[in-house]
Amino acid sequence: MIPDSLRPERLLTINEVADLTGLAVGTLYHFVSQKRIPVVRLSRRCIRFRQSDLSDWIQTLTQGAR
């Protein structure tokens, strides 16, 4: 079994990110097109999101609002 520290981070689909954030899929695609949210491009039409990048992104938005 691979230790957690060596296991690669799971990449999330846009539907999983929509469920986690409460944002609509269309809104997420809009944010991606505007480069407002960090994304991993696996190909021209295939995108995924790192959970750690999303956590950091949400944290910057939260800190900016205070």
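Worth saying up front: this structure is predicted, and the values here are computed from it rather than measured.
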Asker: Ser55: which residues meet the side chain to side chain donor-acceptor pair (under 3.5 Å) condition with it, sequence neighbours left out?
Answerer: none
Asker: Keeping to residues at least two apart or across chains, list the salt bridge (Lys or Arg N to Asp or Glu O under 4.0 Å) pairs with something in residues 49-59.
Answerer: Arg50-Asp53
Asker: With a 4.5 Å limit on heavy-atom distance, are the side chains of Leu12 and Arg48 in contact?
Answerer: no
Asker: Does Ile37 share a hydrophobic cluster with Leu61, counting links as ILVMFWY side-chain heavy atoms below 4.5 Å and allowing steps through other members?
Answerer: yes
Asker: According to side-chain contact (heavy atoms from CB on, under 4.5 Å), who are the partners of Arg36, at least two apart in sequence or on a separate chain?
Answerer: Phe31, Gln34
Asker: Would Tyr29 and Val17 show up in the same hydrophobic cluster when neighbours are defined by side-chain heavy atoms closer than 4.5 Å?
Answerer: yes
Asker: Between Glu9 (side chain) and Gln51 (backbone), is there a donor-acceptor pair under 3.5 Å?
Answerer: yes
Asker: Can you run down the salt bridge (Lys or Arg N to Asp or Glu O under 4.0 Å) pairs that involve residues 16-29, sequence neighbours left out, and say none if there aren't any?
Answerer: Arg10-Glu16
Asker: With sequence neighbours left out, write down each residue that passes side-chain contact (heavy atoms from CB on, under 4.5 Å) with Val39, or none if nothing qualifies.
Answerer: Val32, Ile47, Phe49
Asker: Only counting residues at least two apart or in another chain, list the ones meeting salt bridge (Lys or Arg N to Asp or Glu O under 4.0 Å) with Arg45.
Answerer: none
Asker: Indicate, with yes or no, if Ile58 and Leu23 share a hydrophobic cluster defined by side-chain heavy-atom contacts under 4.5 Å among Ile, Leu, Val, Met, Phe, Trp and Tyr.
Answerer: yes
Asker: Are Ile14 and Val40 linked, directly or through other ILVMFWY residues, by side chains that come within less than 4.5 angstrom of each other?
Answerer: no
